[in-house]
Structure formats: C-alpha cells, structure tokens
Amino acid sequence: MCVHCHHLNETGIDIYPGMNGLKIVTGLGQSTISVSSRNFVIQKLNSCHANHKICNQVGSAGTYLPTRIIDVGEADDVYVRLLDSVRSDRCGLYTALSHQWGSAMVMKLTNETMADMKNGIEMGNLPRTFQHAIRMTRDLKIRYLWIDSLCIIQDSPDDWAEEASKMQDVYRNAFCTLAATGGTDSNSGFRFLRDPRTIEPFVVTASWEHRGDSVCIATNEYLQRILVPGSYYCMDFDFWRDQVEEASLNRRAWVMQERILSARTVHFSGQQVLWQCREQESCETFPDGVPGWSSPRTALWSIFLNTTGFRLALDKLRGLENQSLRESGMVEIHASWDKLVKAYSTCGLTMEEDKFVAIFSLVKEMKLVTGDEWLAGFWKSQLPNALCWAVEWDSPYLLGMIERGEPLPASRPRNWRAPSWSWASTNLPIFFSPVKELYRHHSQVAEVKEVDVSTLKTGGVTRAFLRIRGPLYTGTISPSQASVVGCKGTIDFKFGPKLLVRANICLDDHMDVRAEHLEQLHFAPIAQSCSNNGVTHIEGLLLKPTGFFRGIFSRCGKFTISDKLPYSELLRGAVNEDWVQYEEYDGTSHGYTICIL
C-alpha cells in the first residue's frame, strides 16, 4: 500500500490537484454487502442509466436475452429457476456474473440437470457467489441473471461452442456486470469483512518540522513549497490498481473481454465496492469519481492499463465519419490492441485450446468498428510488421518464477492451436516491436503474398499458413557459441564467408537453446527503420525448415540487427550457403518466396 497525503485548507477542503470538488464519504458499513454498499450500487446504476449517453449506447439492454437465463424471482423467494428465453419469448433487463470457478465445486448445467433446474434451484444449494449475485440482482429490481456455469450446457461441446460464440452479445447487452473481483472461487461471494477506518481517507495535522537528518525539508525548495504546516488527507494512493487491476479475477483470460464489453461493471473487491462504466470510475469512498491520481484513465500506472485504453479507443472510433479523424483513430486503436494482446498473453487459461476463443468477442467487436480482417491473431492491415512479436523473457511474470525456483511453463501448448508465426502459438508473455513508433523512416522489406486461415465460429483456428516474399539470408554460428546462447541475447552470425553480422535474437521456445537448433538458421527480414541518431534497425523472423517440403518453415524466434551503415549497405556482402531453402527465387535480393506454417 502506498499512503498519500493531501493538504486541506482552512475550510477543510482539499487543495491538492485532482482532489478539488471530489465528494468523500465516510461511515462505511462493516462489509462489502452492507446496506451502504448496496445503496451505493443502486445509486450508481440509476445515475448512469439516467445521465450517461455513451453507456446507454452500448448493446440493447431490455430487448435481448441470452439463450438461457436465471429467473431470480422476488426478494423472499427461496428458489430460482432456469429459463429458455428463446422458447419462452421473454425479454427484459438482466445482469451478468463475472467470477472465477477456482477449486470449489461449481454447480453446473448438464443435460441431466437441465429439467431439475427449470423446475427450480434452491438458493441454499448454490455457491455463495451465485447467492450474492442473485440477491444483488433482486436489490436492483432486475428479474434475470446470466451465470456461465448455469446457462451453458457444460457436457455438450456443441452447446458450449454455440454459446461461446455469443459472449459478445451476452456482456454487451447486460444492463450491468457483477464482478466477484475480490474472490478466488465460486464460494468466495461478494461479502468481505472490513475495518472502514483502514479504507476511508482520514485527516492528520502535520508541522513538517526538521528534526536531525530524518527529513531534509529545510534544504529542498519543492518540499518547502508543498509541505506547509496544516491538515492533510491520508489515503491509499493505488487503491484502484491494487483492488481491481491486480485482482486475481482480472488475471484470467476470459475476464478481459467481459470487462471491456460490459457497459457497467460493479467490482466487489476485498475492501470496498467499486463502479466502472464507460464514463466514470468511482467507489464507496469517492462516489462521484475517483481522484485522478488513482483513476485507470489518468494515473501514472494507467499507461500500462490495456483494458481501459482499448475500450476508450474503441468508443472513440465508433461512429466517426471524418476521414482524417478516423485514420488517426485507427492508428490509436491498433496501438491499443497490441498492448491489449501483450496483457492478454500473461492471463491464465484453464484450457490451453481457448487462447483464441477467450478473446474472440473482442475480435468481433474490433472487426465491427474497423472493418479489418482477423488472421490467426493479427489484423490484415498490420501485416507483415505485426509478425515481429517476441517472447518477453524478462517479464515480471517469468522473472518471478525464476526467482522462486519454479520451472518455467512449457513454451508451446500440448496440442496445436496456432501457426508458429502467431503469438498464440506460445504460452509465454509476448510483446510487439516498438520500432515503428520509436523510429523514423520505417518501411517494410517483405510483403505478404498469401495468408490462408481456417477459423471456427468460436474463434479457434484449425489450419493456417503464411507465404511471404522478401530478403532471405542463411546465418551460422560455431557450436561453441551456440552452447552459451540463452533464450535472448546478442551473438555474431556468419552471413557467408566474409560477412560477420551481430544480431540480437529472442527465441520463442527455451527448448531451442541447444546447439543443434542454432548452428544453421534462416533470417527473413520484415522491416527496417532508422533512429534519430542514424542507426539502422532491421527486424525479422528466425526460421528453421520443417522438413516437409523445400521452402516450408516454422518460426523459432525474432532477430534485430542494428548498425550505423544504411540498410542498402548493411547486408550487401551476404552470401547464402548451399543449404538455403525457398519455394521460389526471382534472382533479386528481395525475391525469395517462402511459406511459414
């Protein structure tokens, strides 16, 4: 926890930038489902519905119901029941639950239990999170509630595939999403006990006197100017980040699209209830809006917050007709998408094969707004540059595992789910190349000739290949050098008998850190750029032949070559070895056609 102090003037009103005029509430209840907490949720929902234009434009609340829905009944009912909304021809408002299944035994809809659930489900037999979601839905005067495990037939692959393809509609059209943000499984519930004194901003009086060497205010003009004697508010500086963004629920892959698609989300965290909609973030202590220094829109840490940034970019682009504004918006939304995928790559999945499925609702939303084509993890307009992604071997996620002595996760999934050139082919955190944004004179040196992808209605990919045309080089290193290369690093490669090239390489799989995998590689440059200090940067793919047919490769990593020489001269002396492979070659330096699986 980072405690922050804000000075009060003589009237007790905060004078710190970002706090002026903000309403601060004290006297919270002893739990997150106390009367004051429930009243906060009701007030925020009513206010948003009455006043927020953008929030009311999301989805078609009231005119759409998912295939199946839970009828929560009246306030004192001890039974709820499953409804088939299509057959019953019902409509109305509904809430949706966002939660972690965890290790707790979750009640599930199956072909065997469906009839009983339609007749009625006793509240006491439901996990605590489901019970609290039902009671909150009733408090909001809403009749219906959607819960994944109760509304999708869990032992029917066909029904699961059909309903998974509708997640975009389920969350976009929900009047409100109730998130068990502070929980770890379905028995955690929404109720967390708390001491309000540790949450509410409180006032302290400080003289800031200089005592010995403990606080050197007297010699610091800035501190002298801001740390004047008087009364200060003290509060947790990072409460939104700690209670929402870093909650275990929001580390789950499926939850990312639930948050972004929902018009309104209520977070029941371990300390307080927090509200998030398209126009405002607030909480019990700051019901009219959280301070700027804690907001996911404006806080310093918000530049790393990818869900909010993407949602704002999506809302901004939606409906824009001015061509110049739309072009600017397209650049912004694709940059936000790259950050979103980077964050998504660190999220947990129970089923490895859901990598594309769990984000496919966002893909459909993005396609609806941009008109772009989705190809196994990439937008067609961003190819081939987007191929230059890399595994983030120095990510906090992986470094933490190394420090704790834990084995690294398998780089590749057990079963094929994406082509090697896609970021979805790895289980590890990834990032996209920043070269295009950082440097001037960025240009492609390769072109995409053909992309063939077969995609299921759920978003899963069953087959894919990519054919590119551009430069191609063979690179060799000695066995002794190969034996000391890690997953990433800088090493000298021979591009023929007379040219030694220093390349920074980043491998996709830690199992490839073996001499026999690195002694002979194909280098396929994708793009080149020039930094402000005149350094040329070439980025591209490290490839190895599959052995199926000549010129058919799989990706094994990414490389970057940086040098003071211009691109036209940098690799002029390269001579390919006789083991070079390609499908076609037209005799020019950029005339190699290859296929990557």
Side-chain angles (χ1 to χ4, degrees), residues 1-2 4 6 14 16-25 28 32 36-58 95-96 98 136 171 174-182 190 199-201 233 235-247 249-250 255-316 336 339-340 343:
M1 175 187 292
C2 178
H4 209 66
H6 300 279
D14 164 65
Y16 188 89
M19 286 281 286
N20 292 335
L22 281 181
K23 179 182 179 182
I24 300 175
V25 169
L28 302 181
T32 51
S36 64
S37 298
R38 295 200 304 271
N39 288 340
F40 165 75
V41 176
I42 294 169
Q43 186 275 324
K44 293 308 301 182
L45 187 60
N46 290 338
S47 175
C48 176
H49 181 52
N51 301 307
H52 290 178
K53 180 179 178 181
I54 295 177
C55 302
N56 289 316
Q57 289 176 340
V58 178
T95 60
S98 179
M136 192 70 245
Y171 283 95
F175 195 55
C176 181
T177 295
L178 305 175
T181 309
F190 292 171
I199 302 167
E200 300 166 355
Y233 274 126
M235 64 200 76
D236 182 1
F237 185 83
D238 295 325
F239 72 87
W240 186 281
R241 184 186 67 184
D242 296 341
Q243 295 175 40
V244 177
E245 306 307 334
E246 295 187 355
L249 174 68
N250 292 324
V255 174
M256 180 174 284
Q257 65 180 14
E258 295 170 9
R259 288 187 67 191
I260 292 174
L261 293 171
S262 299
R264 309 168 182 91
T265 301
V266 180
H267 297 280
F268 292 89
S269 82
Q271 295 185 28
Q272 62 176 318
V273 180
L274 304 100
W275 169 270
Q276 187 170 31
C277 66
R278 299 300 176 109
E279 296 193 27
Q280 188 189 78
E281 289 78 32
S282 59
C283 60
E284 291 179 84
T285 50
F286 294 100
D288 291 344
V290 299
W293 41 261
S294 189
S295 168
R297 299 171 190 252
T298 55
L300 291 175
W301 48 262
S302 67
I303 60 173
F304 305 106
L305 183 60
N306 309 291
T307 54
T308 299
F310 175 73
R311 188 168 69 172
L312 291 173
L314 200 65
D315 288 342
K316 180 180 177 181
S336 295
K339 294 177 182 177
L340 185 81

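For the atom pair OG (Ser269) and CD (Glu246), the distance works out to 13.0 Å, reported to the nearest 0.5 Å. Separation of atoms CG (Leu45) and CE (Met136) is listed at 8.5 Å; rounding is to 0.5 Å. To the nearest 0.5 angstrom, Phe310 atom CZ is 6.0 Å from Ile260 atom CD1. Note that CG of Asn250 is 9.5 Å distant from CD of Glu258, once rounded to the nearest 0.5 Å. Atom-to-atom distance recorded for Ile54:CD1 and Cys277:SG is 9.0 Å, nearest 0.5 angstrom. Between the NZ atom in Lys44 and the CD1 atom in Ile42 there is a gap of 13.5 Å [rounded to 0.5 Å].
Under the side chain to side chain donor-acceptor pair (under 3.5 Å) criterion, Gln272 pairs with Thr285, sequence neighbours left out. For His49, the side chain to side chain donor-acceptor pair (under 3.5 Å) partners at least two apart in sequence or on another chain are Asn56. For Glu284, the salt bridge (Lys or Arg N to Asp or Glu O under 4.0 Å) test picks out Arg194, with sequence neighbours left out.
In plain terms, the two heavy atoms of Phe268 and Val41 that are nearest each other are CZ-CG2, 4.5 Å. When all heavy atoms of Val273 and Ser37 are compared, the pair lying nearest together is CG2-CB, 4.0 Å. In plain terms, the two heavy atoms of Cys176 and Val266 that are nearest each other are SG-CG2, 3.6 Å. Here the shortest heavy-atom pairing between Ala180 and Phe190 reads CB-CE2, 3.8 Å.
For Glu279 and Arg264, the salt-bridge test fails: no basic side-chain N is under 4.0 Å from an acidic carboxylate O.
Side-chain atoms of Thr265 and Gln276 include no donor-acceptor pair closer than 3.5 Å.
Between Phe286 and Phe239, the ring planes are parallel. Angles under 30° get that label, and only those over 60° would be called perpendicular.
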Q | Steps toward side chain to side chain donor-acceptor pair (under 3.5 Å) verdict (Arg278, Gln57) | A | CA-CA 10 Å; Arg278 299 300 176 109; Gln57 289 176 340; over 6 Å; no

Q: Show your working on side-chain contact (heavy atoms from CB on, under 4.5 Å) between Thr177 and Tyr171 and close with a plain yes or no.
A: CA-CA 7 Å; Thr177 295; Tyr171 283 95; 3.7 Å; yes

Q | Residues His52, Gln280; criterion side chain to side chain donor-acceptor pair (under 3.5 Å); working and verdict | A | CA-CA 9 Å; His52 290 178; Gln280 188 189 78; 5.2 Å; no

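Looking only at side-chain heavy atoms (C-beta outward), Val244 and Arg259 come within less than 4.5 Å of each other. Looking only at side-chain heavy atoms (C-beta outward), Glu281 and Trp240 come within less than 4.5 Å of each other. Contact of the Phe40 side chain with the Ser282 side chain is registered, since non-hydrogen atoms from C-beta on lie closer than 4.5 Å. Under the 4.5 Å side-chain criterion, counting only non-hydrogen atoms from C-beta, Gln243 is in contact with Leu274.
No donor-acceptor pair closer than 3.5 Å links the side chain of Ser47 to the backbone N or O of Gln43.
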